[in-house]
Amino acid sequence: MPELPEAEANRLRIARDCLNRTIEAAKPGDDTDHIELPGDNERGRLVGHQFTQTHRHGKLIFAGSGTGPWIAVHLGMTGSLRPFEADDGPPDYAKFLILFEGERRLAFRCPRKLGWVRVVDSPQAEIDRIEFGPDALEISRDVFVEVIGTSRGAIKSALMQQKKLAGIGNLWSDEILFRLGIDPQRKGTQLDEEQLGEMYDAMRNILRAVVDTQADYSKLPEDWLIHTRDEGAECPQCGGKITRTKVGGRSAFHCTRHQD
DNA sequence: CGCGTTGTTGAGTT
DNA sequence: GAACTCAACAACGC
């Protein structure tokens with residue numbers, strides 16, 4: 001589930017259903033080998049506190065308060081946050097559970113165990129520790145142009161580097177380049193200032209649009225790549241052919257006719 | 001059964 | 001030495 005818009009949709013679920021309720025317990029779920037979760041001490045720190053605020057930076061999700069500890073959550077490839085009622089039971093693959101007063105609970109689902117949960121002092125402390133760059137929806141145009149325009153590697157890889165720019169992953173980097181007609185292999189240093197400015201605008205417009213749907217892809221316009229990410233598919237913009245290649249070790253989909 | 005996977009990391013290379 | 005590349009990680013679904 002997880003790039004910036006998907007993380008934002010998950011953050012919203014905490015903000016909507018899990019604030020201002022005293023935490024009675026926090027505990028690991030089933031089959032938690034090889035996944036990073038808070039230990040006894042960290043879990044104990046949460047008890048008796050409430051979450052009163054949430055925050056997101058790139059793909060990182062936070063919940064906490066002005067006076068207590070925070071949780072930091074990274075969804076990995078397949079993670080999600082699910083508020084639920086005690087009567088309904090936790091979802092499958094729940095790896096971490098927070099029990100609030102009353103019946104409300106929060107589950108961290110993570111079927112493939114590439115995500116993690118930490119107890120931290122503040123969002124900023126964790127963002128600094130991980131050395132993530134500016135959030136993709138917060139970064140200024142000037143900084144974006146500088147950071148991406150000086151990247152010597154593939155433009156797609158540059159957009160996905162969280163230390164340059166936090167929040168973009170494989171799907172939305174493809175969508176941005178598809179919109180602009182730029183080949184994912186092109187180098188950042190080959191793009192002029194005008195192209196970089198257009199990229200900044202496209203990035204913001206695309207991420208905002210996905211956030212607005214709460215990452216429900218079926219609500220996105222038909223001519224987006226997201227609906228056609230298949231080898232050999234017909235390009236919804238120009239009728240060209242969608243091709244899968246490898247860029248920076250990841251699958252990249254692009255139209256061989258209008259992206260160059 | 002083999003392959004691919006919306007993420008990151010660390011070792012190796014330019 | 002910074003920037004970059006790539007295989008590895010875990011485990012599920014097709």
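Each chain gets a letter, A, B and so on, in the order the sequences are listed, and its residues count up from 1. The structure presented is a predicted model; accordingly, all values stated were derived computationally and were not measured.
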Closest nucleotide among [options] to the [X] side chain:
X        : options              : result
A:Gln162 : B:dG7, C:dC12, B:dT8 : B:dT8
A:Tyr93  : B:dT8, C:dC4, C:dC12 : C:dC12
A:Leu171 : B:dT8, B:dG4, B:dT6  : B:dT6
A:Gln161 : C:dC4, C:dA11, B:dT6 : C:dC4
A:Tyr217 : B:dT6, C:dA11, B:dT8 : B:dT6
A:Lys246 : B:dT5, C:dC12, B:dT6 : B:dT5

Quiz prompt | Contacts of type side chain to side chain donor-acceptor pair (under 3.5 Å), residue A:Gln190, not counting sequence neighbours | solution =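 Testing A:Gln190 for side chain to side chain donor-acceptor pair (under 3.5 Å), a comparison that skips the adjacent residues, returns none.
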
Quiz item: In the structure shown, which nucleotide is the Watson-Crick or G-U wobble counterpart of B:dT6, with both distances under 3.5 Å?
Solution: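 Checking every strand shown, B:dT6 finds no partner, since no pair has both distances under 3.5 Å.
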
In plain terms, say whether [X] and [Y] are close enough for a salt bridge, that is, a side-chain N and a carboxylate O under 4.0 Å apart.
X        : Y        : result
A:Arg118 : A:Glu126 : yes
A:Arg56  : A:Asp135 : yes
A:Asp216 : A:Lys219 : yes

Rounded interatomic separation in angstrom, taking [atom1] from [X] and [atom2] from [N]:
X        : N     : atom1 : atom2 : value
A:Phe253 : B:dT6 : CZ    : P     : 8 Å
A:Leu114 : B:dT5 : CG    : C1'   : 10 Å
A:Ile35  : B:dT8 : CD1   : P     : 15 Å
A:Met160 : C:dC4 : CE    : P     : 13 Å
A:Phe108 : B:dG7 : CZ    : C1'   : 11 Å
A:Lys156 : C:dC6 : NZ    : P     : 14 Å
A:Glu36  : C:dC9 : CD    : C1'   : 14 Å
A:Asp174 : B:dT6 : CG    : C1'   : 10 Å

May I ask you to evaluate whether [X] reaches the phosphate of [N], defined as a side-chain N or O under 4.0 Å from OP1 or OP2?
X        : N     : value
A:His34  : C:dC9 : no
A:Lys113 : B:dT8 : no
A:Ser251 : B:dT5 : yes

Exercise. Drop me the distance from A:Arg11's CZ to A:Arg16's CZ, to the nearest 0.5 angstrom.
Key: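 The distance works out to 10.0 Å.
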
Quiz item: How long is the gap from CD on A:Gln259 to SG on A:Cys235, to the nearest 0.5 Å?
Solution: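 It comes to 7.5 Å.
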
Exercise. Hey, can you tell me if A:Phe132 and A:His74 have their rings parallel, tilted or perpendicular (30° and 60° cut-offs)?
Key: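 Perpendicular.
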
Quiz item: Considering only the P atoms, how many Å lie between C:dC4 and B:dT6, rounded to the nearest integer?
Solution: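 Pairwise P distance, C:dC4 against B:dT6, rounds to 22 Å.
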
Quiz item: At under 4.0 Å between heavy atoms, what does A:Gly249 touch on the DNA or RNA strands: base, sugar-phosphate, or nothing?
Solution: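 Nothing: the residue A:Gly249, judged by heavy atoms under 4.0 Å, touches no strand.
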
Practice problem: Quick one: label A:Lys187 by what it contacts on the DNA or RNA (base, sugar-phosphate, nothing), any heavy atom closer than 4.0 Å. | Solution: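 Here A:Lys187 touches no strand at all.
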
Quiz prompt | For DNA chain C, the residues among residues 127-154 of chain A that have a non-hydrogen atom under 4.0 Å from it | solution =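 Going residue by residue through residues 127-154 of chain A, the ones with a heavy atom under 4.0 Å of DNA chain C turn out to be A:Ser151, A:Arg152, A:Gly153.
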
Quiz item: Between A:Trp172 and A:Tyr217, is a ring-ring contact (aromatic ring centres under 6.0 Å, His included) present by the stated rule, with each step listed?
Solution: CA-CA 12 Å; A:Trp172 304 123; A:Tyr217 303 163; 5.4 Å; yes

Exercise. Report yes if a donor N or O on one partner sits less than 3.5 Å from an acceptor N or O on the other, where the partners are the side chain of A:Arg112 and the base of B:dT5; otherwise report no.
Key: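 A donor-acceptor contact between them is present.
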
